[in-house]
Amino acid sequence: MAGENTFAAFRLFRGKPHLASRTLRATLADLFPNAMPKKAASNQSLHRKHSAVVVDGPERAASRAMLHAVGFKREDFKKSQIGIASTWSMVTPCNMHIDRLAKEAAKGVDAAGGKSVIFNTITISDGISMGTEGMKYSLVSREVIADSIETVVGCEGFDGYVAIGGCDKNMPGCMIAMARMNRPSVFVYGGTILPGCVGPDKKEADIVTVFEAVGKHANCQINDKQLADIEEHSIPGEGSCGGMYTANTMASAIEAMGMSLPNSGAQAAVSSDKLIDCFDAGAAVMNMIKLGITPRDIMTKEAFENAITLIIALGGSTNAVLHLIAIAHSAGVKLGIDDFTRIGRKVPVLGDLKPSGKYFMNDLVRIGGTVPLMRTLVEEGLMHGDCLTVTGKTMKENLRNSKITYPKSQTIIRPLSDPIKKDSHLVIFKGNLCPEGAVGKISGKEGLAFTGKAIVFDSEEKALQAILSDKVKKGHVIVIRMEGPKGGPGMREMLSPTSAIMGKGLGKDVALITDGRFSGGSHGFVVGHVTPEAFVGGPIAVIKNGDPITIDAEKRQITLGIPDKELKARLKSWKQPKPRYTRGVLAKFAKLCTSASEGAATDKGL
């Protein structure tokens with residue numbers, strides 16, 4: 001796969017910054033003889049458009065003096081300055097290697113004639129904070145990442161940048177910043193983790209294995225020693241969680257959108273391919289500057305449709321709905337939940353990937369990644385092949401240049417003639433319980449409809465304890481509310497309750513609805529993003545224990561089975577609770593964010 005990279009020639013220069021930039025610029029021209037975009041881009045070089053303002057002229061001597069101290073030479077001030085936004089941190093295995101990747105991206109920039117400057121933004125760990133108060137900061141971190149990248153790039157006058165992300169919120173955070181700033185930029189995914197090995201039979205495992213083991217332990221299916229073995233050996237090292245969970249979903253979506261290099265979204269974190277991807281991304285930004293290509297030239301409505309198509313085909317996370325709508329808002333593209341329904345009617349699920357499927361992301365990497373699947377989708381008219389990408393070429397041209405094909409014996413990606421599900425697993429619901437929408441992840445394995453009696457909880461913790469202590473019974477519809485963007489605040493992911501349900505063996509016997517959201521690792525009959533949320537007086541706020549609820553995936557309806565008159569009376573008597581936070585970043589997020597159906601964006605309508 002490494003040989004397929006568009007920027008293969010640049011590998012000759014990795015680690016050799018002494019080579020003349022003139023030679024490297026000539027190599028860029030050789031690599032892209034026909035790369036001038038057919039539409040949208042300005043076709044005018046963006047060389048030093050922003051950095052010149054900061055460093056040119058006698059009056060900017062103080063600025064140059066500061067930069068001399070961090071390694072700039074006199075000749076560097078005539079180069080395009082390219083930021084390398086690193087999400088490196090030791091708080092999570094998803095990001096523990098990204099400092100190494102950032103250095104490779106910097107080498108790519110320097111080799112292509114630019115001047116790289118590495119800077120950091122934050123990350124948090126969903127997997128570590130899951131099920132705690134700390135998880136309320138997860139979605140908030142998306143905005144902090146976007147704001148911090150925008151702040152650094154804007155303040156320092158970078159002409160372009162590479163952003164490298166690992167854990168879930170890194171991807172949309174980086175993309176929101178790219179869309180806002182609209183400066184030449186490329187996203188690099190940190191890569192997927194390899195599977196762990198647990199038990200005497202060395203069964204492959206990942207983080208969801210651990211969460212589900214908690215339910216099995218509570219159900220006396222495994223003992224303390226077995227739980228400890230799973231805990232210690234499921235996460236072997238660096239990289240993002242190893243199924244088609246949120247990180248891999250968003251990495252795939254960004255690749256389909258054209259904002260990362262081919263197969264960047266389907267590489268192992270520990271691979272040489274990933275190092276090459278980083279180096280080539282640095283060169284790609286320089287090429288975008290030369291051609292005058294900016295993110296909004298790439299991030300069109302058709303590009304977002306490509307992203308939606310690929311995540312459906314792969315069986316991706318519900319979080320993609322939330323994040324793609326937020327990114328589109330920043331890009332000035334009109335995208336809503338109904339677009340997922342429209343596209344989902346014609347796109348089948350083809351990837352047999354975890355959590356609902358059999359295989360890990362690394363298995364998809366091993367057979368060739370996402371490129372062969374995207375080629376099929378383009379050829380069948382399900383993706384737009386004429387969309388511009390960060391290579392300076394169209395999606396169709398990138399795919400045509402690749403020789404990667406899937407082995408005939410592989411069973412990870414099904415053919416269009418034999419889909420896992422004939423239409424999307426991401427179901428947008430409406431109905432009297434969620435008049436502004438809700439998002440379900442319905443694989444079909446748990447059925448397409450569920451009717452049961454509500455059992456209501458005002459927090460994730462209370463719901464989890466009820467599941468583990470057997471208070472939740474067959475036929476219940478678990479309602480977890482006050483977990484929305486404003487009410488939580490922060491819209492926590494319900495991986496702990498959904499994993500406990502699976503571990504308890506209740507996956508086909510109960511359903512769960514929430515105004516919170518789900519981890520990409522959640523599976524079962526689950527519906528999140530219920531809008532309006534409980535905190536603002538949505539119908540979910542007035543559900544009572546024992547109320548009948550019907551979830552119908554075929555009709556795309558969720559119905560609270562009480563008379564309209566009763567529902568109106570309950571809503572009229574409802575009183576808004578006091579906010580849980582009145583200071584700090586959670587309070588600011590709760591005050592500014594839109595509903596889940598609008599992406600929980602924080603700068604809409606300002």
Side-chain angles (χ1 to χ4, degrees), residues 129-136 138-139 211-212 214-215 218-219 318 429 433-434 438-441 450-507 509-519 522-551 558 560-562 567 570-571 574-581 590 596:
S129 63
M130 197 74 69
T132 72
E133 192 74 3
M135 187 61 189
K136 292 180 178 180
S138 171
L139 184 57
F211 277 102
E212 293 185 358
V214 173
N219 212 27
T318 54
F429 290 93
L433 198 151
C434 52
V439 183
K441 189 176 185 180
F450 191 97
T451 298
K453 300 291 186 181
I455 181 169
V456 183
F457 305 96
D458 285 336
S459 74
E460 177 188 1
E461 290 87 347
K462 292 176 181 178
L464 178 61
Q465 288 306 311
I467 295 165
L468 294 176
S469 61
D470 297 323
K471 292 179 181 177
V472 172
K473 307 292 185 182
K474 180 178 179 179
H476 271 145
V477 176
I478 303 164
V479 177
I480 306 178
R481 64 191 180 196
M482 290 300 295
E483 292 287 1
K486 292 182 177 294
M491 205 179 180
R492 288 191 291 185
E493 294 178 349
M494 302 293 132
L495 180 57
S496 294
T498 58
S499 296
I501 287 167
M502 302 307 289
K504 281 282 190 177
L506 292 170
D509 298 322
V510 301
L512 189 155
I513 64 172
T514 179
D515 53 6
R517 56 196 174 94
F518 294 108
S519 161
S522 292
H523 58 123
F525 210 104
V526 297
V527 179
H529 307 209
V530 170
T531 309
E533 62 174 289
F535 183 76
V536 300
I540 191 173
V542 297
I543 299 173
K544 296 180 179 180
N545 285 330
D547 283 347
I549 296 174
T550 296
I551 307 168
I558 304 179
L560 179 60
I562 62 174
L567 178 56
R570 291 187 191 181
L571 290 170
W574 174 84
K575 294 182 180 179
Q576 186 175 53
K578 292 181 179 180
R580 287 170 167 163
Y581 287 84

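Predicted model, so just to flag it, every value in this text is computed and none were measured. When a residue number appears, it is its place in the shown sequence, counting from 1.
Taken from CG in Leu433 to CG in Leu567, the straight-line distance is 8.5 Å, to the nearest 0.5 Å. In this structure, Phe450 CZ and Ile558 CD1 are separated by 12.5 Å, a value rounded to the nearest 0.5 Å. Between Lys136 atom NZ and Glu460 atom CD the span is 9.5 Å, to the nearest 0.5 Å. With rounding to the nearest 0.5 Å, the separation of CZ in Arg481 from CD in Glu533 is 12.5 Å. Distance CD/Glu483 to CZ/Phe535: 13.0 Å, rounded to 0.5 Å. Distance CD1/Ile478 to OG1/Thr514: 10.5 Å, rounded to 0.5 Å.
Arg517 places a side-chain heavy atom less than 4.5 Å from the side chain of Ser138. Ile549 is listed as a side-chain neighbour of Val479, based on a closest heavy-atom distance under 4.5 Å. With contacts defined as side-chain heavy-atom distances shorter than 4.5 Å, the pair Met130/Glu493 qualifies. Taking the side chain as every heavy atom from C-beta outward, Lys471 and Lys462 never approach each other to under 4.5 Å. No side-chain heavy atom of Thr132 sits under 4.5 Å from any side-chain heavy atom of Arg492. A heavy-atom distance below 4.5 Å is found between the side chains of Lys453 and Pro548. Contact annotation: the side chain of Thr318 approaches that of His529 to within less than 4.5 Å [non-hydrogen atoms, C-beta and beyond].
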Quick one: do Lys486 and Val536 satisfy side-chain contact (heavy atoms from CB on, under 4.5 Å)? Show the steps, please. CA-CA 8 Å; Lys486 292 182 177 294; Val536 300; 4.0 Å; yes
The test is side-chain contact (heavy atoms from CB on, under 4.5 Å); show your working for Asp547 and Arg570 and say whether it passes. CA-CA 13 Å; Asp547 283 347; Arg570 291 187 191 181; 2.6 Å; yes
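The heavy-atom pair separating Ala438 from Val527 by the smallest distance is CB-CG1, 3.7 Å. The minimum heavy-atom distance linking Cys434 with Val530 is given by the pair CB-CG1, 4.0 Å. Ala534 and Ala541 get closest at one heavy-atom pair: O-CB, 3.5 Å. Smallest separation of non-hydrogen atoms from Leu464 and Ala500: CD1-CB, 3.7 Å. Closest heavy-atom contact between Lys441 and Ser522: NZ-O, 3.3 Å. Taking each heavy atom of Pro497 and Leu512 in turn, the nearest pair found is CB-CD1, 4.2 Å.
Put simply, the side chain of Lys504 gets close to the backbone of Leu468: a donor and an acceptor are under 3.5 Å apart. Side-chain N or O atoms of Thr498 include one that pairs as donor or acceptor with a backbone N or O of Leu495 at under 3.5 Å.
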